[in-house]
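Input: a single structure, listed below in structure tokens.
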Amino acid sequence: MIRRIIPLVLLSAIVMLSQFAWAHTDEYLAKVETLHGGQLRAAGPFHLELVAKDGELTLYVTDHGDNPVPVQGGHGKANIQAGKDGERKAVTLVPENGNIMRASGAFKITPETSVTVFIAIPGHEAQGVRFTPLAPKGDGGSRHDHDH
């Protein structure tokens, strides 16, 4: 009897854990409706939402439960590249208030633009993630909720 129960318990645990991993793929997060209209990515313990406009980047940092993570005392950098062979610009992300970091500079955001963000927040490991801010949103989706 126990020989049958142990494999079932292990199989159940594997299935449950794989669901958490799937929930944080870029494809899944592209379908999620964001609070500020930006693109959402998972980076370590964070959800990062990037709102990108010509000359301005705004990064919202939350945990996986969508609770704001304070960024005071932190710092960051964003590398903005216009297409694969385009010009690359680097800007500094500065903590603003609460969970917001901002950067500004002389750059344009186009559908081919990619933005690689690196952040370091006190009490957490440094994280990096790549955005394509004007990529088409996925089909459907809504704010997701899950327990961690």
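Sequence positions, counted from 1, serve as the residue numbers for this chain. Note that this is a predicted model, so its numbers are computed, not measured.
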Qualifying side chain to side chain donor-acceptor pair (under 3.5 Å) pairs, either residue in residues 83-92, two or more places apart: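 Those involving residues 83-92 are Q81-R88.
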Side-chain heavy atoms of [X] within contact of [Y], under 4.5 Å:
| X | Y | value |
| --- | --- | --- |
| F46 | H124 | yes |
| L40 | Y60 | no |
| P133 | V115 | yes |
| H75 | V94 | no |
| F107 | L57 | yes |
| I121 | V61 | yes |
| F118 | V129 | no |
| T62 | N67 | no |

Contact summary for [X] and [Y], nearest pair of heavy atoms:
| X | Y | value |
| --- | --- | --- |
| S114 | R130 | CB-NH2, 3.5 Å |
| Q72 | E96 | NE2-O, 3.8 Å |
| V71 | I100 | CG2-O, 3.4 Å |
| V91 | S104 | CG1-O, 3.7 Å |
| G74 | P95 | O-CG, 3.1 Å |

Cluster question for you: counting only ILVMFWY and a side-chain heavy-atom cut-off of under 4.5 Å, with indirect links fine, are V51 and M101 together?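 V51 does not cluster with M101.
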Test R102 against L59 for side-chain contact (heavy atoms from CB on, under 4.5 Å), laying out the working first. CA-CA 6 Å; R102 288 195 200 272; L59 185 72; over 6 Å; no
Can you tell me how far [atom2] of [Y] sits from [atom1] of [X], rounded to the nearest 0.5 angstrom?
| X | Y | atom1 | atom2 | answer |
| --- | --- | --- | --- | --- |
| D66 | E49 | CG | CD | 9.5 Å |
| L48 | R41 | CG | CZ | 10.5 Å |
| T58 | K53 | OG1 | NZ | 7.0 Å |

Show your reasoning for whether side-chain contact (heavy atoms from CB on, under 4.5 Å) applies to T113 and I80. CA-CA 7 Å; T113 300; I80 304 145; 3.7 Å; yes
